[in-house]
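Heads up, the thing below is written out as structure tokens.
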Amino acid sequence: MFWTSYFLAVLAIVLAWPVPILLSRAHWPARDPFTAMLLWQAIGLAGGLSMIGAMLVYGLEPVGDNLIAGLRALAGMVFQNAPTTALGFWHLFALSAAALLTAHLVFTLLLTYYKIERQRRRHRELLALLASPSTDGTGTVVINHDSPVAYCLPGGARSVTVLSDGLMAALEPAELRAVLIHENAHLNQRHHLLLWAFAAWRQALPWLPTTRLAQEAVNSLIEMLADDVALKTESKATLIKAIAIVASGSAVPQAAPAIGRGELAGQGLQLPDGAGGSGSASTTASRVSRLLSPRAPLPAPLRAAVLAVCVLLLAMPTALLIVPGLLG
């Protein structure tokens, strides 16, 4: 199992450093944000599995020829007081590290979910007091705020899209429809789940620069996916103007910082994580640039190759960990 642990360790390092950096600098994700999103997820899952698997396999190497046999031997040591003399210091250290990392990742995932849900619940309670129903459709409310603001608040059957008076006054009917379609796309495609997962990944491993790159890339990709939904019914010019107005905070599109997640003045409403919205200034710039200078979609063979890489990334560590035990 030594060579298995070695290969998994190398794979974990590659997926944790050079691969995310190269992908974050690539231009093709804008041509196919859905495929790029799948690749980012595959990198995260395969990297985590490889990292934990490498330590686990190395730790169990003295007591089994494969992972399953090693886990059986470890279970005997824990529950049946079998001797542990076969395990050296570094093997015990690797097993402890694998257990701690697994617990840390799971705990951070659950803690991040709890924090987001608590923030959304508080935000929803404030909206019940400060917002009024919109005539633009069910599940849409309006807050009394001068700046153009639009975001969605996930919550299953309680999901809601929030607009401001300033936005409704600044946009033409077609532009307002584009904004609503965009925000509803976030809800329908469950983008908040992706934001939750990558936010948890960054919280768990903040010292790893690629977690920031992954989160920023995913934030940008989900905005592009929602834009593509809006483009099915509205023109590019309409969507570009709507994006510019929301990002500028003015009825006249101009270069200005995008509205962030800070307190909405006079309202006490803070946009919760994963609520949606215009995103960062860099994300807005990427979206507008993509719409102004559209490129051809990713060719089918290249798209198939990326999807094959996604499957391979998930299959390799899984096969290395499980298949030897099944065959043995």
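The figures here come from the full heavy-atom set of this structure, side chains too, leaving out hydrogens, waters and symmetry mates.
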Please assess Asp227 against Lys232 for the test salt bridge (charged side-chain N to carboxylate O under 4.0 Å, His left out), listing each intermediate value before the final yes or no. CA-CA 9 Å; Asp227 286 342; Lys232 292 179 180 179; over 6 Å; no

If you look at every heavy atom in Pro20 and Ile43, which pair is closest and at what distance? CG-CG2, 4.3 Å

So the salt bridge (charged side-chain N to carboxylate O under 4.0 Å, His left out) pairs with at least one residue in residues 160-176 (sequence neighbours excluded) are Glu175-Lys241

Quick check for you: to the nearest 0.5 Å, what is the distance between Asn184 atom CG and Leu187 atom CG? 6.0 Å

Do Leu38 and Val306 make a side-chain contact, defined as non-hydrogen atoms from C-beta onward lying under 4.5 Å apart? no

Taking only residues two or more places apart in sequence or in another chain, which ones pass side-chain hydrogen bond (donor to acceptor under 3.5 Å, both in side chains) with Ser134? Asp136

Side-chain heavy atoms nearer than 4.5 Å, only ILVMFWY residues, links allowed to pass through others: does that put Val19 and Leu312 together? yes

Kindly say whether Ile143 contributes a backbone atom to a donor-acceptor pair with the side chain of Ser164 at under 3.5 angstrom? no

Under-4.0 Å salt bridge between Glu117 and Arg121: no

Minimum heavy-atom separation for Leu239 to Ala178, with atom names? CD1-CB, 4.2 Å

Minimum heavy-atom separation for Ala204 and Thr108, please, with both atom names. N-CG2, 3.6 Å

Spacing of Asp65 atom CG and Leu60 atom CG [to the nearest 0.5 Å]: 12.0 Å

Flag the pair Ser5 / Glu61 as yes when at least one side-chain heavy-atom distance between them is below 4.5 Å, and no otherwise. no

Are Ile181 and Val149 grouped together when hydrophobic residues (ILVMFWY) are joined by side-chain heavy atoms under 4.5 angstrom apart? no

Check step by step if side chain to side chain contact (heavy atoms under 4.5 Å, CB included) holds for Leu95 and Leu87. CA-CA 10 Å; Leu95 290 174; Leu87 297 175; 4.1 Å; yes

In terms of hydrophobic clusters joined by side-chain contacts under 4.5 Å, are Leu314 and Phe7 together? no

So CG of Leu167 and CG of Leu180: to nearest 0.5 Å the spacing works out to 8.5 Å

Heavy atoms, side chains only, cut-off 4.5 Å: are Glu183 and Thr161 in contact? yes

Please, which pairs that meet side chain to side chain donor-acceptor pair (under 3.5 Å) have at least one residue in residues 26-52, sequence neighbours excluded? Asp32-Thr35, Asp32-Arg303, Thr35-Arg303

In Å and rounded to the nearest 0.5 Å, what is the OG1 to CG distance from Thr84 to Leu92? 6.5 Å

Is there side-chain contact between Leu153 and Arg120, with at least one heavy-atom pair below 4.5 Å? yes

Considering all heavy atoms of both residues, which atom of Ser147 and which atom of His145 are nearest to each other, and what is their separation? N-ND1, 3.2 Å

Please walk me through it: do Gln215 and Trp201 pass side chain to side chain contact (heavy atoms under 4.5 Å, CB included)? CA-CA 8 Å; Gln215 188 179 31; Trp201 187 24; over 6 Å; no

Minimum heavy-atom separation for Leu213 and Ser24, please, with both atom names. CD1-OG, 3.9 Å

Under the side chain to side chain contact (heavy atoms under 4.5 Å, CB included) criterion, do Leu231 and Leu291 qualify, and how do the steps go? CA-CA 10 Å; Leu231 286 175; Leu291 294 171; 3.6 Å; yes

CZ/Arg118 to CD1/Ile116 distance, rounded to the nearest 0.5 angstrom? 11.5 Å

I'd like to know if the side chain of Ser220 and the backbone of Ala217 have a donor-acceptor N/O pair within less than 3.5 Å. no

Looking at Glu216, I want to see if its CD is surrounded by more than 12 non-hydrogen atoms of other residues, nucleotides or ligands under 6.0 Å. yes

Start with the C-alpha gap between Tyr58 and Trp90, add the side-chain angles, then the distance that decides, and say whether side chain to side chain contact (heavy atoms under 4.5 Å, CB included) holds. CA-CA 9 Å; Tyr58 174 78; Trp90 290 111; 3.9 Å; yes

Answer yes or no: is there a donor N or O on one side and an acceptor on the other, between the side chain of Arg290 and the main chain of Ala30, under 3.5 Å? yes

Would you mind reporting whether Pro33 and Asp228 have side-chain heavy atoms less than 4.5 Å apart? yes

Compare every heavy atom of Thr283 with every heavy atom of Asn219, then report the nearest pair and how far apart it is. O-CG2, 4.3 Å

Do the non-hydrogen side-chain atoms of Thr135 and Val142 ever get within less than 4.5 Å of each other? no

Would Leu45 and Ile52 show up in the same hydrophobic cluster when neighbours are defined by side-chain heavy atoms closer than 4.5 Å? no

Applying the 4.5 Å side-chain criterion to the ILVMFWY set and letting contacts propagate, would Val311 and Leu298 be lumped into a single cluster? no

The reported gap from OG in Ser286 to CD in Glu223 (rounded to nearest 0.5 angstrom) is 11.0 Å

Quick one, Leu67 and Leu56 - any side-chain contact, counting heavy atoms below 4.5 Å? yes

Is the His182 ring parallel, tilted or perpendicular to the His186 ring (thresholds 30°, 60°)? perpendicular

For the rings on Tyr151 and His123, is their centre-to-centre separation under 6.0 Å? yes

Any side-chain heavy atom of Leu23 within less than 4.5 Å of one from Pro29? yes

